[in-house]
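Read the structure below first, then the notes.
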Amino acid sequence: MKFKLEAKYQATGDQPQAIEQLSRGIEENKKNQVLLGVTGSGKTFTVAKVIERTQRPTLVIAHNKTLAAQLYQELRDFFPKNAVSYFVSYYDYYQPEAYLPSSDTYIEKEAMINDEIDKLRLAATTNLLTRPDNIVVASVSCIYNLGSPVEYGRFILEIVEGEVIERKTLLLQLSNLQYKRTSTDFERGSYRLRGDTIQLWPAYSDKAIKIDTLNNQITQIEEIDPISGQKIPLKPGEKKQTHFVIYPAKHYLLDPRSQKKALQEIRQDTSQRVKELSAVGKTLEAYRLQQKVNYDLERIEEFGFVNGIENYSRYFDGRQAGEAPYTLIDYLIFNQKKFNKASFMTVIDESHMTIPQIKGMFFGDRSRKETLIEYGFRLPSAMDNRPLNFTEFLARQQQTIYLSATPKPWEINQSQGEVVEQLIRPTGLIDPQVEVRPSQNQIEDLIKEIVKRVAIGERALVTTLTKKMAEALTDYLNDPEKINKLLAKKTKQLPKVAYLHSDINTLDRNDILDDLRSGKYDVLVGINLLREGLDLPEVSLIGILDADKEGFLRNDIALIQTIGRAARHINGLAILYADTVTQSMQKAIDETARRRQKQINYNQQHQINPTSINKPIRSKLLQREKDGNEWQKELNRTQKNQNKKAIYLQINKHQKLNLTAIKSEELTPEERVKLVKQLRLQMNKAARDLDFELAAIIRDKIAELKLI
């Protein structure tokens, strides 16, 4: 079960030297390396070749789900016979448990779990326990508490044709693995009885299993289609499988041997915490905690599971207070040791974005938990159900490759200043031309450029500063009357435009990108989701509105990344609309020019004529049917959020500010800076008035505004 890469092409340009240097570094046990690879240079192919050459199990971390999905699809195609898995947060919607003391509002945890993504997560951990040839593509959710791989691996059920086992015992073991019994809807993670037959749908599989029993013996086991119930025929030369290993339906499981001790410890800590709260006059909080924990423990004793069981994970894992949780990374370590590999490899894609995200996860989680504990909604042990902090994350890495077109000084320092450059594209394509045009009449100018591209079958991306601007521009571009009036003539081929931002569900984002490539849309409008890593060879035009608005979305790294989206097309052009050339703009223009000149020199030296990339649209990440209730669910969530109790701040005699109505992503950088100043004054005032709850809420909002 070795890694075997399958591709129709060979390494070209400066890919061979990058593959050689990175592979040698892994084999020489270098802990950290940096690959500076431009858009379209084949960084993923280079990584795939390094995996094949070094034969290391690999974790690839991306900073958003869209990019993770694209990487998963690419690596899945490169390694069709190996275990390539996808591990991202399985929530389509997530409202974490929280308490707002200022309004005495308790917000219960609310989530919509995507069953398809849950299946892929379970498949990832199952593969890591059973196979040596693993590549896992993950988002930063890989640093969150997951449960011990050792305990997860103990909870298995082996079934063999001819095995003698009481039917009652078999069903009990399925229940211990958290499979639900059902008599109606057959879904992943459930089983149902049909006479002497048990139909089981493993949580991590697209196939179900039919287990025929008679007189306490398993007489036959067959794989079936879970929808039709029909037997799945064997492929030519394939032998009938008579031995199956069933893995758990959930990642959080309780070992009966340690459960009694864990529950005893929880009760002792609860008693101690109740005394502490009572001693400082928090009688209500003490009573609340006692009731909450007792209810949870009764559910655990009765069913072996309760919603929120992860908040007690420290007791069941046998960890000490403050000790780091088990995460997906521990499964990689388990895999590396079990199959006697020299190490596992971590590839941090778009590291300039992913590393800061990993750093920030721990502190956001901690702030929310502290309030829940203080007011008696959770035991202090809930603090240990958390993501890894950055130090813990680094300590668990064995060998890391930082991958980016714009690595930051921190990543370069980690590799002692050594950077492997990959600037030459296999097709000879060079970085796009960059033009700076005035912001006056920028929409009119942009539309004219878009119409030119649409007429010859090319695509465009447009970036704005806020979601509100993206949606408004999309509506404008989709209005035929406005476009014809602006151009002063009737245009036959009007652009078809969509917007892409974080409110769109994970799997729908990938569909929209595919629709752009296929021609259903000609233009995508977005904010920062159109920057890193998107593989869109049909895009020849990038329009960056308000490019001179210095800030998070208009710094040199962001501009270089956005400009790079047009580097996969021979007619690539990036237009920066601005009234002044900022320092960030100049850095981006200069770096693009440096790379462009190096690419031109290489092409001339090797007599290469650049050609646009012709890349097929890959099969969907998941084949799924649209849920007819999706829009209604989204509407219900929106209405629920709108009905949250408002918190008003008196800014001055004539101005009130609704704190809960502030949407950070819809503000320009200047508006955010101004608002932060106002909120800081209000926070200090609340602290002077001893209203620390309000001060904390304002503090969190300031942090949110500064993070965007």
Side-chain angles (χ1 to χ4, degrees), residues 90 111-123 125-126 129 147 151-232 241-260 263 295-310 312 316 627:
Y90 52 25
M112 286 181 61
I113 292 177
N114 186 306
D115 291 332
E116 294 290 334
I117 294 179
D118 191 25
K119 178 205 78 172
L120 293 174
R121 285 167 61 94
L122 288 160
T125 50
T126 301
L129 293 179
E151 292 300 319
Y152 182 79
R154 283 178 185 164
F155 282 84
I156 63 172
L157 171 61
E158 293 189 64
I159 51 176
V160 185
E161 283 188 6
E163 177 184 1
V164 176
I165 182 172
E166 286 190 19
R167 179 185 171 94
K168 182 179 179 181
T169 303
L170 184 57
L171 298 180
L172 179 61
Q173 290 192 34
L174 288 175
S175 295
N176 288 338
L177 296 181
Q178 296 301 320
Y179 283 90
K180 298 182 297 183
R181 180 173 174 175
T182 180
S183 57
T184 53
D185 295 336
F186 193 35
E187 56 188 19
R188 285 190 186 88
S190 70
Y191 68 93
R192 64 185 177 188
L193 307 182
R194 292 288 185 269
D196 290 328
T197 297
I198 302 169
Q199 292 181 339
L200 169 70
W201 193 350
Y204 45 84
S205 177
D206 288 326
K207 301 174 183 177
I209 298 171
K210 187 178 78 165
I211 308 167
D212 292 326
T213 64
L214 184 64
N215 296 329
N216 293 329
Q217 184 178 28
I218 297 175
T219 58
Q220 183 174 250
I221 309 173
E222 292 180 325
E223 288 187 319
I224 61 171
D225 183 287
I227 307 302
S228 67
Q230 297 295 313
K231 176 183 174 181
I232 296 176
Q241 190 173 348
T242 59
H243 175 264
F244 289 81
V245 178
I246 309 301
Y247 282 84
K250 297 182 184 295
H251 281 121
Y252 295 101
L253 295 164
L254 305 184
D255 187 339
R257 294 169 294 182
S258 61
Q259 179 175 324
K260 187 175 181 180
L263 296 183
Y295 172 79
D296 286 350
L297 296 188
E298 287 173 7
R299 300 282 294 180
I300 291 171
E301 288 177 319
E302 183 74 21
F303 303 107
F305 191 80
V306 68
N307 286 331
I309 193 173
E310 61 272 12
Y312 304 103
F316 299 113
D627 182 348

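Across all their heavy atoms, Ala208 and Pro202 have their closest contact at CA-CD, 4.2 Å. The nearest pair of heavy atoms linking Ala203 to Pro248 is CB-O, 4.5 Å. The two residues Leu263 and Leu297 make their nearest non-hydrogen contact at CD2-CD2, 3.7 Å. Across every non-hydrogen atom of Tyr204 and Ile246, the tightest pair is OH-CA, 3.5 Å. The nearest pair of heavy atoms linking Arg194 to Ser183 is NH2-O, 4.2 Å.
Side-chain atoms of Ile156 and Leu129, non-hydrogen and from C-beta on, never get closer than 4.5 Å to each other. Looking only at side-chain heavy atoms (C-beta outward), Leu157 and Leu170 come within less than 4.5 Å of each other. You'll find the side chain of Leu193 reaches within 4.5 Å of the side chain of Arg167, heavy atoms only.
Atom CD in Glu158 sits 10.5 Å away from atom CD in Gln173 (nearest 0.5 Å). Between the CG atom of Asp185 and the OG atom of Ser190 there is a distance of 8.5 Å, given to the nearest 0.5 Å. We find the CD1-CD distance between Ile211 and Glu163 to be 10.0 Å, quoted to the nearest 0.5 Å. To the nearest 0.5 Å, the span separating CD1 on Ile159 from CD1 on Ile165 amounts to 9.0 Å. One distance of note links CG of Asp196 with OG1 of Thr213; it measures 5.0 Å at 0.5 Å rounding. To the nearest 0.5 Å, atom NZ of residue Lys250 and atom CZ of residue Phe155 are 14.0 Å apart.
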Next on the checklist: What verdict does the side chain to side chain contact (heavy atoms under 4.5 Å, CB included) test give for Ile209 and Glu222, after you've listed the backbone C-alpha separation in whole Å, the side-chain angles of each residue and the deciding distance to 0.1 Å?
Outcome noted: CA-CA 6 Å; Ile209 298 171; Glu222 292 180 325; over 6 Å; no
Next on the checklist: Assess the residue pair Asp212 and Thr197 against the criterion (side-chain hydrogen bond (donor to acceptor under 3.5 Å, both in side chains)); give the C-alpha distance rounded to whole Å, side-chain angles, the decisive distance to 0.1 Å, and a yes or no.
Outcome noted: CA-CA 5 Å; Asp212 292 326; Thr197 297; 2.8 Å; yes
Checklist entry - Does the pair Tyr191 and Ser175 meet the rule for a side chain to side chain contact (heavy atoms under 4.5 Å, CB included), with working shown? => result CA-CA 9 Å; Tyr191 68 93; Ser175 295; 3.5 Å; yes
Next on the checklist: Run Asp296 and Ile309 through side chain to side chain contact (heavy atoms under 4.5 Å, CB included) and show every step you take.
Outcome noted: CA-CA 8 Å; Asp296 286 350; Ile309 193 173; over 6 Å; no
Item to check | Candidate pair Lys207 and Ile224, rule side chain to side chain contact (heavy atoms under 4.5 Å, CB included), full reasoning | outcome: CA-CA 6 Å; Lys207 301 174 183 177; Ile224 61 171; over 6 Å; no
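The aromatic rings of Phe186 and Trp201 are tilted relative to each other, their planes meeting at an angle between 30° and 60°.
With Glu298 contributing its side chain and Tyr295 its backbone, the two residues share no donor-acceptor pair below 3.5 Å. A distance-only check finds a donor-acceptor pair linking the side chain of Gln241 to the backbone of His243 [under 3.5 Å]. Here the side chain of Glu161 pairs no donor or acceptor atom with the backbone of Gln220 at under 3.5 angstrom.
Other residues, nucleotides and ligands contribute only 12 or fewer heavy atoms inside 6.0 Å of the CZ atom of Arg181.
Between Glu187 and Lys180, at least one side-chain nitrogen of the basic residue sits less than 4.0 Å from a carboxylate oxygen of the acidic one, meeting the salt-bridge criterion. Salt bridge Lys119/Asp206: present, at least one basic N to carboxylate O contact under 4.0 Å.
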